[in-house]
Amino acid sequence: MKNFVAEPLLLALQALQQQGLLQGVPIQLDFDRPRQPEHGHLASNVALLLAKGAGKKPRDLATSILGALPESPWIERVEIAGPGFLNFFLRPAAFHAVIAQVLGQGRDFGRQNLGGGLRLHLEFVSANPTGPLHVGHGRGAAYGASLAEILRFCGYDVFCEYYVNDAGRQMDILAASVYLRYLEAAGHGLPWDFPQSAYRGEYVREIAAHLLAREGDALVFASKNMPDLAAIADGDAAIDQLIAHLKDALGAAAYGRLHAAGLQEILADIRDDLAEFGVVYQNWYSERSLMEQGAVERAIARLEEGGHCYRAEGALWFRSTDFGDDKDRVLQRENGAYTYFASDVAYHFEKGTRGFSQLIDMWGADHHGYIPRVRASLQALGADANALEVLLVQFAILYRGTEKVSMSTRAGEFVTLRQLREEVGNDAARFFYVLRRADQHLDFDLELATKHSEENPVFYIQYAHARVHSLRRQALERGLSLPTQPPDLACLTDPRELELADRLWRFPEQVASAARDREPHQIAFYLKDLAAGFHTYYNATRILVEEDALRLARLSLADAIAQTLANGLALLGVSAPETM
RNA sequence: GCGCCCAUAGCUCAACCGGAUAGAGCAACGGCCUUCUAAGCCGUAGGUUGGGGGUUCGAUUCCCUCUGGGCGCGCCA
């Protein structure tokens, strides 16, 4: 739609160039949507931008441009204002064309091909499978899923992946926690209190109960000669001793079943939870498979071949300081075990070999210090470090009223994503999560979200959508005809109607902007604005009037608005109900 | 101490890769339902964009500095 103005303006600038007025000045077209209606529907500051290079005063240049503008069926008039802005006023026909376009394109209105099919890898959530997802993870899930949809709508080939940390010490702690609950469920009391450093959530008992149902007493024997945890002051050391004992006593096969019991149940839960939330992955990538395939060894060998490693204090280090990191990082510990970082080096390198042009990672903001070392590793491995883009998502801080809610997974004190979804509904949750920029802290007041969920702006938007469909139902009930394609919009002359069409026209731009900035909240705010415009119009103007032409034209406008609301809501994973 | 992020109306947040007079919602106050869904609409009030410098025709936006907050600085993940 900007072409209505961009094409004539470009022609004018080219004409001036031929006259020698803009020699050596690179032409750049730039438009603004003025806040003030007096400033037109579109304003261009080209004269201000090009004035310096052309050696002219901005207003004089603007006058020259104005003189060179060809006639256009869409442009009513052009004014020069302020320091040299060119303000374009469009004819109603331009807005009618927008409405027709929305109705013609339907669900594809707003779709565009910015990406050109570029393959893009998007990793998000990737929470450790040591417990159910909590409300904090929900933000990443909603944000990532919405971003994926927006990017797809803009012509990118997006591949969503969840990186499963199924290999680390945290999983061993989970296994040990399950084992202790298993003993309890089997009727064997623990010789000491349940450890503080183990996972104490209720879900661990459930996993243990299922394990007991499958295994019976078969694993109880390993409770003999357990280390005396009560005697070990350091909780982490205590749990590590317990893990070592269990691995030894149970043997690889039985310990593997114990380990898998927790992992598989929790992973299945996470998968279902996210699927119900409308968050779908193309792949779940196992950290353990990375290790079993030798990818970590290969990556480290490659680093060593490049001379980026050294041994010190018994450990193998990566000289990340050569690539701008604060300090060097350990890849392999003194005890021979690889660090989490080593897996991540391999994982990110491996991603790059799968043919993606760009890698987008979404991390919690607490991981920001991690970016330089991952970048450094990609650089050292000869990969394109610029292909990795890390989006940091700030924490969601939970409140219950004015009180901060603890969010410890170990202690099992948290509100799960599932609980939240059940309380406020998927639509409200999805929308609420993307309502603010990712780099803003999200204050999530549970009391407010549950008690006053009807105040959530998602209902405001859905209500506007439902109202349009209500109009259509009303029209049918009264035996009135509905619009046909293409609509006749000539009688839409009211400034409010044209202004609404103006907002519709903005949708594709907003989608592109949201994709470029990786900011789904832009869509959310746009939809609020469009819904507000419709509610105002609805209250001020009767749509189902007797006069056929006017009624059909207004219904067409309403249909176009509903279509755009539905398209936008779909990008955010929110439903667009026809009745409320 | 070093690094990253943030600071806009009483509260929660917008402001289109620098644009013209900084906008919404909530809270407050006052109006609108015998006609298309009042989960709505209209109006009033609310600001030195944390302070100070700089760049620019032009700064909430970019740079510097200070203040205040969040997070990080493990052979944890």
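Heavy-atom basis, side chains included; hydrogens, waters and symmetry copies ignored. All figures in this text were calculated on a predicted structure; none of them were measured in a lab.
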Handout entry: Side-chain donor/acceptor contact of A/His368 with base of B/G3 under 3.5 Å
Key = yes
Practice task
Assign A/Ala540 to base, sugar-phosphate, or nothing according to its heavy-atom contacts below 4.0 angstrom with the strands shown.
Solution key: nothing
Exercise for the section: Determine: side-chain N/O of A/Arg467 to OP1/OP2 of B/U37, distance under 4.0 Å, yes or no. Expected result: no
Practice task
Would you check if the distance from the ring center of A/Tyr143 to the ring center of A/Tyr433 is below 6.0 Å?
Solution key: no
Completion exercise
Partner of B/G40 under the Watson-Crick or G-U wobble criteria, both distances under 3.5 Å, comes out as B/C32
Handout entry: Phosphate OP1/OP2 of B/U21 contacted by A/Arg35 side-chain N/O (<4.0 Å)
Key = no
Problem - Euclidean distance, atom CZ of residue A/Phe85 to atom C1' of B/U21 [Å, nearest integer] - result: 13 Å
Problem - Rounded distance in Å between the P positions of B/A9 and B/C17 - result: 23 Å
Exercise for the section: Answer with base, sugar-phosphate or nothing: what part of the nucleic acid does A/Ala532 contact at a heavy-atom distance below 4.0 Å? Expected result: nothing
Practice task
Report yes if a side-chain nitrogen or oxygen of A/Gln462 is closer than 4.0 Å to either non-bridging phosphate oxygen (OP1 or OP2) of B/A39; otherwise report no.
Solution key: no
Handout entry: Heavy-atom side-chain contact between A/Phe534 and A/Thr564 under 4.5 Å
Key = no
Exercise for the section: Mind telling me if B/C33 is syn or anti? Syn here is a glycosidic angle within 90° of 0. Expected result: syn
Practice task
Quote, to the nearest angstrom, the C1' distance that separates B/C66 from B/G58.
Solution key: 26 Å
Handout entry: Nearest-Å distance once atom C1' is located in both B/G68 and B/U49
Key = 16 Å
Problem - B/C57 and B/U65, which share atom name P, separated by this distance in whole Å - result: 24 Å
Handout entry: OP1 or OP2 of B/A15 under 4.0 Å from side-chain N/O of A/Arg437
Key = yes
Practice task
Check whether any side-chain N or O of A/Arg436 sits under 4.0 Å from OP1 or OP2 of B/A24, and answer yes or no.
Solution key: no
Handout entry: Cation-pi, A/Phe89 ring and A/Arg77 (6.0 angstrom, 45 degrees)
Key = yes
Problem - B/C76 OP1/OP2 closer than 4.0 Å to side-chain N/O of A/Tyr370 - result: no
Handout entry: First of A/Met580 and A/Gly314 reached from the 5' end of RNA chain B, by closest nucleotide
Key = A/Met580
Handout entry: B/C16 to B/A22 separation - C1' atoms, rounded to the nearest Å
Key = 14 Å
Practice task
Kindly say if A/Thr536 contacts the phosphate of B/C42, meaning a side-chain N or O under 4.0 Å from OP1 or OP2.
Solution key: yes
Practice task
Ignoring backbone atoms, test whether A/His521 places a side-chain nitrogen or oxygen under 4.0 Å from the OP1 or OP2 oxygen of B/A15.
Solution key: yes
Problem - Touch class at under 4.0 angstrom, heavy-atom based, for A/Lys327 against every strand present - result: sugar-phosphate
Handout entry: Modelled atom types, side-chain donor and acceptor of A/Gln170 and A/Thr130, under 3.5 Å
Key = no
Problem - Sugar-phosphate, base or nothing in reach of A/Phe341, heavy atoms under 4.0 Å - result: nothing
Practice task
Quick one: look up who B/C73 pairs with, Watson-Crick or G-U, both distances under 3.5 Å, and put none if it's unpaired.
Solution key: B/G1
Problem - Under-3.5 Å donor-acceptor pair between A/Asn45 side chain and B/G19 base - result: yes
Completion exercise
A/Glu38 CD to B/A20 P, in whole Å, measures 13 Å
Exercise for the section: Verify whether one side chain among A/Gln563 and A/Asn567 offers a donor that lies under 3.5 Å from an acceptor in the other. Expected result: yes
Practice task
Counting Watson-Crick and G-U wobble pairs only, both distances under 3.5 Å, name the nucleotide matched with B/C26, or none.
Solution key: B/G10
Problem - 5'-most by nearest nucleotide on RNA chain B - A/Ser470 or A/Asn165 - result: A/Ser470
Handout entry: Test: A/Arg33 and A/Asp502 ion pair at under 4.0 Å
Key = yes
Handout entry: Under-4.0 Å salt bridge between A/Arg551 and A/Glu547
Key = no
Exercise for the section: Respond yes when some side-chain nitrogen or oxygen of A/Arg472 is under 4.0 Å from OP1 or OP2 of B/C36, and no when none is. Expected result: no
Completion exercise
Applying the 3.5 Å cut-off to both distances, the Watson-Crick or G-U partner of B/A15 turns out to be none
